[in-house]
Amino acid sequence: MATKLKTIWTDQKFKITCSFLTVVLVTISFGALFEAYWFNWDYLANTNNYLESAELQNKVLTAYDHIDQVYNFYQSEENIRAGNAIDPAAMEAYKWDILAELDLNDPDEMGVSTESEMLTDPDFWEPYADELEAQKKQLINEGLFQYERLKKELEQTQGLSYVINSKGVTNSQPKDANPDDLLKRRVNFTYNKGAISSTLPKMDQFEPLDYAVEPDFQVIIGFDDAYIAEREVLYQAERQEFLWLMSIFVVSLILAAIGMLLSCISAGRKKDNEGVQLLPIDAFWIDAHFLLLLVVETLVVAAIVFFYDQNFPRVVMLMLFAVGAALGLNFLLSLVRILKDRRFGERLLLLKLIKKGWGFIKNQFKKLAVYYNDVMKGSPTVKRLMFWAILLVVLALSVQVPILGVCSFICIIYLLYLGGIKAKKYDGILEGLERIKNGEVDYKLIGYDGALGELADGINAIGDGISLAVSEEVKSQRLKTELLTNVSHDIRTPLTSIITSIDLLKNGNLDPEAKQKYLEILENKAHRLKVLTDDLFEAAKASSGNIEVEFQAVDLEMLMTQGLGEMEEELGNSQLEFITQYPKDLFVVTADGRLLWRVIENLLFNILKYAQKESRVYIEFSKCDADKTGIVVFKNVSAQPLNISPEELMERFKRGDETRNSEGSGLGLAIAKDLMTIQQGELRLEIDGDLFKAAIILPMAE
């Protein structure tokens with residue numbers, strides 16, 4: 001038996017059937033209850049005897065009220081038009097509305113002592129006579145409408161007969177109605193000068209019904225026996241339908257409760273699996289799920305009420321209720337699965353938020369303790385701030401301004417907290433400054449923001465500047481040393497040859513051929529010294545910018561063609577093949593043609609000196625539309641390995657031939673770089689293995 005039950009509880013079809021039947025039965029019970037109570041059948045069928053029903057009592061009293069209104073209050077159309085049927089309270093209410101618009105609510109404001117004088121002062125109300133007259137006409141029209149409506153309702157009330165006597169005037173419906181006949185009917189009602197009698201039980205509870213205007217007002221009401229008999233039959237049918245609907249409601253609700261119980265028992269169970277099997281919906285927070293369900297169910301109820309008011313078919317409302325019931329059952333089964341899995345506490349968002357909030361509070365207290373130990377403890381500045389804060393609070397409290405004291409205390413504590421942090425960071429900046437001052441120029445201040453962050457960034461920039469200055473100074477010292485070494489070497493070498501040759505010539509023991517040889521050496525070395533001196537002079541002028549520059553539009557293609565033509569002999573003897581790729585359109589740049597040719601000449605001589613013999617040299621023209629510049633690139637293969645960076649190669653007295661066996665001074669590229677700079681251009685070098693590239697970049701002429 002236990003095995004069969006276990007199989008049933010884990011059967012998916014069984015669980016789906018139970019859930020489906022539960023929703024259907026709940027929907028049926030709602031439909032039955034809706035039919036029973038929405039139309040007040042509990043009120044209409046509250047007793048087994050129609051003569052004791054609230055429906056009949058209400059019908060009789062409604063008829064009496066209408067008769068009293070028509071014949072006692074309104075009396076006649078002429079009486080209404082004369083204004084006698086206007087309720088004085090209505091006119092008083094209208095006057096109060098006028099006073100409210102004028103913001104007059106007290107008799108003293110109008111110079112009177114009572115409210116009745118406010119409402120009856122003729123001088124005050126004279127400007128409002130037209131408005132009051134219009135209101136009176138409106139009330140008269142409303143009275144006429146009500147008078148006709150009530151008369152029509154009395155005429156259309158089935159089975160109703162009555163005889164009234166007011167001020168000696170007798171009225172009846174129908175005209176031949178006889179008081180004695182009315183008193184013999186099964187249902188009658190008599191009001192005679194405040195006294196009530198009726199064949200219906202419990203009618204005396206409405207006594208004295210003394211809102212009649214006339215004290216001698218008399219009325220006898222009777223309902224036709226045939227009509228009452230017909231209503232008794234209908235009443236019993238309605239009562240049986242009500243009892244049937246309530247039976248359906250109770251039975252469906254009980255069956256739905258059984259189906260819900262079975263669904264809860266089988267929830268979370270799955271065949272061949274131990275433990276509780278949760279669904280994806282169970283991962284949702286329970287309280288959040290409940291609140292969402294509450295919102296949706298509220299919308300469902302509102303939609304049902306709206307559809308009823310708009311006379312939608314009942315099936316639409318039942319479908320909406322079925323959706324709400326399904327969502328409610330889904331939440332219940334999810335809750336049951338979570339309870340079975342013993343994770344109720346874990347799935348409460350509120351509990352989790354409370355724990356997080358408590359953890360946050362504890363963390364803040366820990367931070368306060370850390371803050372006190374790291375910032376406030378032992379700090380004279382913070383102690384002084386605390387003293388003045390406490391003093392201000394005491395002064396505020398002493399002058400009986402507790403709110404000021406509390407607010408001041410909170411503000412000062414907050415400022416003290418921020419000030420302590422800033423003071424701590426300020427100490428860090430002072431420490432950083434001390435370390436940089438002591439030579440740790442690479443030390444960085446990090447973790448600062450705001451004004452202190454700007455200060456820290458400035459100090460870091462100063463450290464970077466000092467570090468860069470030191471680096472540049474070291475580099476400058478190295479360059480000076482290399483400059484002295486290279487200049488000494490380059491000058492000493494030809495000078496040594498010159499001195500040796502002069503000594504040999506002074507001996508006089510040389511034959512004419514030898515003398516000619518040494519004279520040629522003297523001439524060559526003297527020329528070498530002149531070239532070196534000229535290069536040094538030109539390098540100095542280019543570096544200082546002490547050169548007159550005359551900007552003009554230069555056709556770079558024509559300049560290159562003319563220059564290559566003038567150097568045709570040197571290029572022909574170089575054992576190099578020059579390949580020039582000229583542009584397709586005009587290539588005009590803004591530069592000094594004389595200085596620009598000096599740059600090109602330096603690059604060409606550099607190629608002639610250091611390029612690999614029997615190799616190709618490429619000269620390419622291109623334009624950059626983005627920054628509107630013209631570029632000429634020189635490419636060649638070096639004869640010697642280029643184990644040097646492009647930046648070092650453009651330094652003075654630097655050569656690609658580190659052995660310094662060539663005739664160059666090492667100033668050509670440095671001079672070219674400086675000349676390009678003063679022409680607002682740029683010289684770029686690139687080394688890729690033995691491939692050497694030099695590019696001159698100048699702005700295009702407009």
Is the side chain of [X] donor-acceptor paired with the backbone N or O of [Y] at a distance under 3.5 Å, no angle test?
| X | Y | value |
| --- | --- | --- |
| Ser334 | Asn330 | no |
| Gln75 | Asn72 | yes |
| Ser266 | Lys15 | no |
| Asp224 | Tyr227 | yes |
| Gln57 | Leu200 | no |
| Ser76 | Asn79 | yes |
| Thr22 | Met260 | yes |
| Asp287 | Leu350 | yes |
| Asn188 | Leu183 | yes |
| Lys352 | Gly345 | no |

Test side-chain hydrogen bond (donor to acceptor under 3.5 Å, both in side chains) applied to [X] - qualifying residues, sequence neighbours left out:
| X | value |
| --- | --- |
| His289 | none |
| Glu232 | Arg186 |
| Gln69 | none |

Query raised in the report: Ile164 versus Ser172: any side-chain heavy-atom pair under 4.5 Å?
Result: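 Not in contact.
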Query raised in the report: Is the shortest side-chain N to carboxylate O distance from Arg81 to Glu77 below 4.0 Å?
Result: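 Answer for the salt bridge query: yes.
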Query - Charged N-O contact under 4.0 Å between Glu155 and Lys151 - result: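 Between Lys151 and Glu155 there is no salt bridge, as every charged N stays at least 4.0 Å from the carboxylate O atoms.
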